[in-house]
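Notes to accompany the following structure.
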Amino acid sequence: MGLSETRHFAATHAQTVHLAEDRLGFAWYSFGIRHPAVFTPRARGGCAQGRSPGLVILVFPVFHTIEKRVHGAFHAHIQVRYGVDLAFAIEQPRQSDFGEMAVPAAFQLAKQLRQAPKKIASELASEIGPIEGVAAYEAAGNGYINIRLDRGAYGAGLLGGESEEAAASGEKIIVEHTNINPNKAAHIGHLRNATLGDTFVRMLRARGQRVEVQNYIDNTGVQVADVAAGFHYLERKSAAEVKALIADPAVRFDYYCWDLYARMSAYYHDHPESAPWRSATLHAIEAGEGDIAELAHLVADAIVEKHLATMLRLGVEYDVLPRESEILHLQFWASAFELLKDRKAIYFETEGKNKGCWVMPGLSEEGKVIVRSDGTVTYVGKDIAYQLWKFGLLGKDFFYRRFKTYPDGGELWVTTDDPSAERGQFGHGSRVYNVIDARQSYLQDVVVAGLRGLGYEEQADRSVHFSYEMVALSPRCCAELGIALSEEDRQRPYVEVSGRKGLGVKADDLMDTLIAKAQEEVDSRHAESAPEERRRVATQIAIGALRYFLLKFTRNSVIAFDFQEALSFEGDTGPYLQYAAVRARNILRKLEERGERLPDFAAELSREAMARQLQSEDFWQVLLAASKADSAVERALTAGEPAHVARYAFQLAQAFSNFYHQYSVIHEENREKKVFLLWMTDFFRRQLERTAAVLGIGIPEYM
RNA sequence: GCGCCCGUAGCUCAGUUGGAUAGAGCGUCUGGCUACGAACCAGAAGGCCGGGUGUUCGAGUCACCCCGGGCGCACCA
């Protein structure tokens, strides 16, 4: 999956450039700095911003603009001088004192010209004419051309708000994530899925992309059936009794089901003779008749609510919940089946071990069974139908009703089979990302193969399995949870989370623990603040820590979950970012508390003043880093790697923390320098807050 | 058996698509709080990038072969 997926990303994002500026950043001065909540209104969100279609999206493309200029100039010069149409990328030098950009073109030319790269580099460096925004070139190393920017012009460009409007994209991208079976509480593995998916969505929206977030609900599957069977056969509870249980505020229903599911799974395992319960339950659910079917609906609906609440704590919202029950009732599969048969994407096997089944050829020697010999469809088959619907290729649609309105105004819809309900506004994506863990790669390949088999090559190319590795438990974590490990498991580097065995860290428990720990820190530092305010700050810190922890790993690395690491607020963590932003704000707040006002930067900071101040390497490095927020998100999008955004944010915060320690801003006596430092501090603050918002991390009022 | 992923500092992980002297956090050791709050900063020690052979100006990165670990390969979802 790795290779082809990378290619997808490269093809998708190569031409796009820009990231949203939080417009409120511009309005900030007029609001005054006493109300931080005003200029970070979406501590958790940003979703509504992405949803509103008319928003003008502004960016600071100064670096990118110069980059393009440099590339163009070298490309043209090389063409004229050597007659070569050379493809090359602008790189970032290894060390900051080498300059801001590096052109490696001489290495590539060396091969074609049969000359030493060093020689070519010196030729290029001395012959290339002046480029706007560039102060100097020099040949260095074995053949690099290092480029130093005109710092005064650069700073003036940022201050002047040279901005562009991101090209509004008409196409809609569908991102499907979360997809938790609605039969038990969410655990850390689900949190990784949702956080990755949500952050990817924020990255796309930051770039001005239209995105639809789907959270598929398998409310008729085996997992729900097992819990329904648990209530019915093991606990002998009626639907009415379960209803009462759900309504009981003393019971955490999703936790209750967590245990019941583990018990029922164990029972099935120990009592193979009870297997008919399972199929009886599934049949009842499909037929929609009887107490047990009602039980299943009650369980699924109640747990979906719990999951939505859990995810909202993390700032994760959805646009639509496509449900398996409607896929069933509206007979999506029947339509897909006809298509697959008509276009010969599947065939009826008449012999061998798959005799009597409809099989998709190609992926393995025996092919993949899509329809069983008893005529029922497998999970992948239904998934193919769902994928077809996402692209608008099924020839069928759901009906929809509004499910809830989020506190930030966003609307969540759910599918229904009621023909009098609304229709038409979902699906029809031009590109689809399925955030699903790496263990399901094979099945995702089958889905894509299904599209190809139907002749939908283009859509197959635009179906991306946004895969990630699982979250497992470290041995120490198991010990802390009191999980007894077998001798075999103890030898392993980590233990897989298992809902079936009830083995795992529940999402809400983890968040509660994080909040409690953050609360201790906040209480010890800000005993004077109102309790509910401290609670809010602690929550933001906890969520920031959690989201950052889940995002800092690249997708294909297994996370061996460890409480000590996840609960850390120091070093490479979310709170570190928040702390840097809070400090930048405090500088600006203190200024006002001293009775001073924020200067009119544009009036006081001439280009010459910028150039003077930016001679300081320390100042220049902070400003340069802060100005690259857009391209950091851009690069992360190209790589399909939210972790890259996290890394950039951390490095930016680090640069500022370093600066903060070395220089005093409000006590600076030189007027020009003070104005410059204030401007830089504010610019940093805005850029870090924007980047944190892309990560779904809010900035607390204080820390 | 076949396929995919991983192996980088004591630990947990980055490494900008093949570039310059391989980085960060934690941990260890040393130093720094007078509110722009130390949830921080500075410094030190710490590396055969699992091993080997290739490809080329250049390899942690690409190819092939080993070694070690993980995950898939159901008429389960």
Side-chain angles (χ1 to χ4, degrees), chain A residues 1-3 6 10 89 91-95 98 102 104 107 110-111 116-118 140-144 146 181 218 221-223 353-359 363-365 368-374 376-380 382-383 437-443 445 467 469-470 472 474 492-494 496 518 521-522 525-526 541 545 552-554 556-560 562 564-565 568-573 575-576 578-580 582-591 631-632 635-636 638-639 641 643-644 646-648 650-651 654 657-667 681 702-703:
Chain A
M1 146 241 38
L3 254 183
T6 307
E91 297 177 6
Q92 188 182 330
R94 182 152 220 74
Q95 290 174 22
F98 288 168
F107 293 112
K111 193 174 290 181
K118 215 166 178 171
N142 299 321
Y144 276 103
N146 290 333
N181 275 299
D218 186 4
V222 178
Q223 293 212 19
K353 78 188 252 270
N354 290 336
K355 185 177 178 183
C357 299
W358 286 90
V359 176
L363 284 145
S364 63
E365 279 180 41
K368 173 71 191 170
V369 171
I370 303 296
V371 178
R372 304 180 186 105
S373 53
D374 67 1
T376 57
V377 60
T378 59
Y379 169 77
V380 215
K382 289 188 273 191
D383 220 17
D437 82 77
R439 287 171 292 190
Q440 300 202 44
S441 295
Y442 175 66
L443 294 177
D445 288 345
S467 79
E469 276 293 345
M470 63 178 166
S474 70
R492 294 164 176 268
Y494 44 72
E496 206 172 330
E521 301 284 340
V522 174
R525 285 157 223 246
H526 300 280
I541 293 169
K552 71 193 245 188
F553 301 92
T554 49
N556 59 13
S557 115
V558 176
I559 298 180
D562 184 279
Q564 195 174 313
E565 284 174 41
S568 172
F569 297 155
E570 290 164 18
D572 187 13
T573 66
Y576 181 92
Q578 295 172 317
Y579 193 56
V582 164
R583 286 174 134 184
R585 274 190 192 166
N586 280 349
I587 292 173
L588 303 169
R589 184 183 328 200
K590 288 281 166 163
L591 184 84
S631 52
R635 285 213 320 272
T638 306
E641 197 61 87
H644 291 350
R647 176 146 285 270
Y648 163 76
F650 176 67
Q651 284 168 347
Q654 229 176 6
S657 294
N658 179 335
F659 156 81
Y660 177 92
H661 244 272
Q662 266 187 281
Y663 302 93
S664 176
V665 176
I666 58 182
H667 300 112
T681 299
Y702 53 80
M703 281 182 80

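Please read these numbers as outputs of a predicted model, since none were measured by experiment. So you know, we letter chains A, B, ... as the sequences are listed, proteins then strands, and number each from 1.
Distances shorter than 4.0 Å separate some side-chain N or O of A/Arg525 from OP1 or OP2 on B/rA39. Phosphate proximity of B/rC6 to A/Asn556: present, with a side-chain N or O under 4.0 Å from OP1 or OP2. Contact annotation: A/Ser557 reaches the phosphate of B/rA14 (side-chain N/O to OP1 or OP2, under 4.0 Å). At least one side-chain nitrogen or oxygen of A/Tyr579 sits closer than 4.0 Å to the OP1 or OP2 atom of B/rA39. Look at A/Asn586 and you'll find a side-chain N or O under 4.0 angstrom from OP1 or OP2 of B/rG37. Regarding contacts with the backbone of B/rG15, a side-chain N or O of A/His644 is found under 4.0 angstrom from either OP1 or OP2. Contact between the side-chain N/O atoms of A/Lys382 and the OP1/OP2 oxygens of B/rA77 is not found at any separation under 4.0 Å.
Side-chain N/O atoms of A/Arg94 and base N/O atoms of B/rA22 include no donor-acceptor pair closer than 3.5 Å. Within 3.5 Å, no donor on the side chain of A/Asn354 pairs with an acceptor on the base of B/rA74, nor the reverse.
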Dump the pairs, protein N or O against N or O of nucleotides 24-33 of chain B, anything under 3.5 Å, distances to one decimal.
{"residue": "B/rA24", "atom": "O3'", "partner": "A/Gln654", "partner atom": "NE2", "Å": "3.4"}
{"residue": "B/rG25", "atom": "OP1", "partner": "A/Gln654", "partner atom": "NE2", "Å": "3.2"}
{"residue": "B/rG25", "atom": "O2'", "partner": "A/Asp572", "partner atom": "N", "Å": "3.3"}

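Comparing atom distances between the A/Ser373 side chain and each of B/rC41, B/rC75, B/rA39 picks out B/rC75 as nearest. For A/Asn181, the listed nucleotide lying nearest its side chain is B/rA77; candidates were B/rA20, B/rA77, B/rC75. Closest to the side chain of A/Thr378, out of B/rC13, B/rC75, B/rA39, is B/rC75. When the nucleotides B/rA39, B/rC75, B/rC57 are ranked by their closest atom to the side chain of A/Phe107, B/rC57 comes out on top. Distance from the side chain of A/Ser657 is smallest for B/rC41 among the nucleotides B/rC41, B/rA74, B/rA39. Of the candidates B/rC75, B/rG15, B/rU16, the closest approach to any side-chain atom of A/Lys353 belongs to B/rC75. If you check B/rA20, B/rG37, B/rA77 against the side chain of A/Pro93, the one that comes closest is B/rA20.
For the side-chain contact (heavy atoms from CB on, under 4.5 Å) test, residues two or more places apart in sequence or in another chain that qualify with A/Glu565 are A/Phe549, A/Asp562. The side-chain contact (heavy atoms from CB on, under 4.5 Å) check on A/Arg635 picks up nothing, with sequence neighbours excluded. Scored by the side-chain contact (heavy atoms from CB on, under 4.5 Å) test, A/Ala140 finds A/Asn146 as partners (sequence neighbours excluded). Every residue meeting the side-chain contact (heavy atoms from CB on, under 4.5 Å) condition with A/Asp437, not counting sequence neighbours, appears here in chain and number order: A/Arg439, A/Gln440, A/Tyr468.
Residues A/Phe659 and A/Val665 have side chains in contact (heavy-atom distance under 4.5 Å, counting atoms from C-beta outward).
Other residues, nucleotides and ligands place no more than 12 heavy atoms under 6.0 Å from the CD atom of A/Gln564.
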Practice task
Take nucleotides 66-73 of chain B nucleotide by nucleotide from the 5' end and write B, S or -, depending on whether a protein heavy atom sits under 4.0 Å from the base, only from the sugar-phosphate, or from neither.
Solution key: ---SSSSS

